[in-house]
Protein chains: 2
Amino acid sequence: METIEQVLESKNIRVTAMRMLIYKFLVEKEVAVTLSDIENAFEKADRTTLYRTIKTFEEKDIVHQIDDGTGITKYALCEKGCNCEIETDLHLHFHCNNCNETICLTDHKIPQIKVPDGFVSENVNLVVKGICDKCSG
Amino acid sequence: METIEQVLESKNIRVTAMRMLIYKFLVEKEVAVTLSDIENAFEKADRTTLYRTIKTFEEKDIVHQIDDGTGITKYALCEKGCNCEIETDLHLHFHCNNCNETICLTDHKIPQIKVPDGFVSENVNLVVKGICDKCSG
DNA sequence: TAGTAAGTGCAATGGAAGTGCATTTGTTAT
DNA sequence: ATAACAAATGCACTTCCATTGCACTTACTA
Ligand SMILES: [Mn+2]
Ligand SMILES: [Mn+2]
Ligand SMILES: [Zn+2]
Ligand SMILES: [Zn+2]
């Protein structure tokens, strides 16, 4: 089991208190989070710091951004061994219309999508909306 | 061939100068447009009017909204006989990373997406990003 | 341990979306 | 045709999220 320090170090970013806390927060949350979510969890910290921390995490492929159509960008930890660097996010995302939460369905890869002649597909964003398992129960 | 008046009347909204102009603008554009695009095309008109016009068009299923991941909502005319009322937008959208334009691929329907047990899929947003036919030529 | 680079906090900005209210325009009934 | 009503438009203002500049603090490294 890798420690948080080890994760950060392996991504070549400095280990700071703030970063460790935010990383831990993301691990514990099982759903994608907004910047406001993080803000609410760390009221003593400055918004800008949280913002830049998550941006750094994004650049270093620690988290990936999710646009679930709510208009607010969400973030979730990349899975171990995910290679965002090479191609973006192959898995699909599910947004619950009831509880308003968004989760990564990392096991559900996006199928090959055909595009017309002349078009070149570089990546695909796929968001399914509906009712999540917790809400449909 | 239906006139613009006839289109608007068939959707039960009042025919006004502004609405006809915006409708015409949308027909001529072959790509999805932002509110700013419309704003730039009609500098004499007030933003609010344009905003509310497009919202009315959306409600009446004259246009549909597209979230292509750029963070700015775009709009495009619904195809004749498209039934947005029943289910949202079955076709996929293509966003060009080069010219930054987004188009409807109305012939390319979104495939059935499997979700895990307990999840209920209500609708799907699928955006393919890459290079469009004009830019790849 | 001094010097440098990176991280953090505060203040301010910008863009897009949305709303309240007064005015104008279109529709309908007399 | 005109009055009465409803819908459309214009203006001003607000809110929310994202983003930046700059000063200060903390962490690395020579
Ligand atoms: Mn994900
Ligand atoms: Mn479309
Ligand atoms: Zn739910
Ligand atoms: Zn293009």
Side-chain angles (χ1 to χ4, degrees), chain A residues 3-26 32-60 62-76 95 100 102, chain B residues 4-25 32-60 62-76 95 100 102:
Chain A
T3 65
I4 298 179
E5 275 102 328
Q6 285 168 338
V7 174
L8 299 180
E9 274 163 8
S10 74
K11 297 291 184 176
N12 293 312
I13 59 170
R14 289 194 184 169
V15 178
T16 70
M18 214 53 259
R19 286 175 179 172
M20 293 211 295
L21 285 168
I22 294 177
Y23 189 92
K24 188 158 168 286
F25 175 74
L26 292 169
V33 300
T34 64
L35 193 55
S36 305
D37 291 335
I38 304 178
E39 223 180 311
N40 293 334
F42 300 97
E43 302 205 324
K44 277 173 282 184
D46 187 77
R47 247 186 68 75
T48 316
T49 305
L50 303 174
Y51 172 74
R52 289 200 260 235
T53 301
I54 206 81
K55 284 292 165 198
T56 304
F57 281 8
E58 201 188 344
E59 271 167 29
K60 300 294 179 174
I62 294 170
V63 300
H64 61 276
Q65 204 173 329
I66 303 166
D67 174 12
D68 62 8
T70 55
I72 303 159
T73 26
K74 296 186 179 172
Y75 302 89
H95 175 77
N100 205 37
T102 298
Chain B
I4 297 180
E5 276 102 329
Q6 286 169 338
V7 174
L8 297 181
E9 274 162 7
S10 75
K11 297 290 186 176
N12 295 311
I13 59 169
R14 287 193 186 172
V15 179
T16 69
M18 214 52 258
R19 284 174 181 174
M20 294 211 295
L21 286 169
I22 295 177
Y23 189 91
K24 189 159 166 286
F25 175 74
V33 300
T34 64
L35 195 55
S36 305
D37 291 335
I38 304 178
E39 223 179 310
N40 293 333
F42 301 97
E43 302 205 323
K44 278 173 283 189
D46 188 78
R47 246 200 62 252
T48 316
T49 305
L50 304 174
Y51 171 75
R52 288 200 259 234
T53 300
I54 206 81
K55 284 291 163 196
T56 304
F57 280 9
E58 200 188 344
E59 272 168 29
K60 301 292 179 176
I62 294 170
V63 300
H64 61 276
Q65 204 172 327
I66 304 167
D67 174 11
D68 63 8
T70 55
I72 302 159
T73 27
K74 296 186 178 172
Y75 301 89
H95 176 77
N100 204 35
T102 298

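Hydrogens, waters and symmetry mates are skipped; everything else that's a heavy atom, side chains included, is used. Because the structure is a prediction, the values reported are computed rather than measured. Chain letters run A, B, ... following the sequence lines, proteins first and then strands; every chain starts at 1.
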Looking at A:Thr56, A:Val15, A:Thr16, which hits side-chain contact (heavy atoms from CB on, under 4.5 Å) with A:Leu8?
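Only one of A:Thr56, A:Val15, A:Thr16 forms a side-chain contact (heavy atoms from CB on, under 4.5 Å) with A:Leu8, namely A:Val15.
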Which part of the nucleic acid does A:Thr73 contact within heavy-atom distance under 4.0 Å: base, sugar-phosphate only, or nothing?
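The residue A:Thr73 makes sugar-phosphate contact but no base contact.
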What integer distance in Å separates [X]:[atom1] from [N]:[atom2]?
{"X": "B:Lys60", "N": "D:dA7", "atom1": "NZ", "atom2": "C1'", "result": "12 Å"}
{"X": "B:Leu35", "N": "C:dG15", "atom1": "CG", "atom2": "C1'", "result": "12 Å"}
{"X": "B:Arg19", "N": "C:dT25", "atom1": "CZ", "atom2": "C1'", "result": "12 Å"}
{"X": "B:Glu9", "N": "C:dG26", "atom1": "CD", "atom2": "C1'", "result": "13 Å"}
{"X": "B:Asn12", "N": "C:dG26", "atom1": "CG", "atom2": "P", "result": "19 Å"}
{"X": "B:Ile38", "N": "C:dA17", "atom1": "CD1", "atom2": "P", "result": "11 Å"}
{"X": "A:Ile13", "N": "C:dA6", "atom1": "CD1", "atom2": "P", "result": "13 Å"}
{"X": "A:Met18", "N": "C:dA6", "atom1": "CE", "atom2": "C1'", "result": "16 Å"}

Below 4.0 angstrom from OP1 or OP2 of [N], is there any side-chain N or O of [X]?
{"X": "B:Thr16", "N": "D:dT9", "value": "yes"}
{"X": "B:Arg14", "N": "C:dT25", "value": "no"}
{"X": "B:Tyr51", "N": "C:dG18", "value": "yes"}

So, taking the atom named CE in A:Met20 and the one named OG1 in A:Thr3, what distance separates them when rounded to the nearest 0.5 Å?
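Going from CE on A:Met20 over to OG1 on A:Thr3, the span is 8.5 Å.
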Between atom CD of B:Glu39 and atom CZ of B:Arg47, what is the distance when rounded to the nearest 0.5 Å?
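The CZ atom of B:Arg47 is 5.5 Å from CD of B:Glu39, to the nearest 0.5 Å.
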Are more than 12 heavy atoms, taken from residues, nucleotides or ligands other than B:Lys55, located less than 6.0 Å from that residue's NZ atom?
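Atom NZ in B:Lys55 is crowded, with more than 12 foreign heavy atoms closer than 6.0 Å.
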Closest heavy-atom pair and its distance - B:Val63, B:Tyr75:
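Reported closest heavy-atom pair: CG2-CD2, 4.2 Å.
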Smallest separation among heavy atoms of A:Gly69 and B:Asp67, with atom names:
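The answer is CA-OD2, 3.2 Å.
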How about B:Phe25 and B:Val33: do any of their side-chain heavy atoms sit closer than 4.5 Å?
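When only atoms from C-beta onward are counted, B:Val33 and B:Phe25 do touch, with a gap below 4.5 Å.
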Under 3.5 Å, is there an N or O donor on one side and an acceptor on the other linking the side chain of A:Arg52 and the base of C:dG9?
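In this structure, the two groups form a donor-acceptor pair.
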Assuming nearest nucleotide by heavy-atom distance, tell me which of A:Lys74 and B:Ala17 is located more 5' along DNA chain D.
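Looking at DNA chain D, the more 5' nearest nucleotide goes with B:Ala17.
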Positions of residues 41-49 of chain B (non-hydrogen atom under 4.0 Å from DNA chain D), listed by number
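B:Asp46, B:Thr48, B:Thr49 - these, ordered by number, are the residues of the stretch whose heavy atoms sit under 4.0 Å from the strand.
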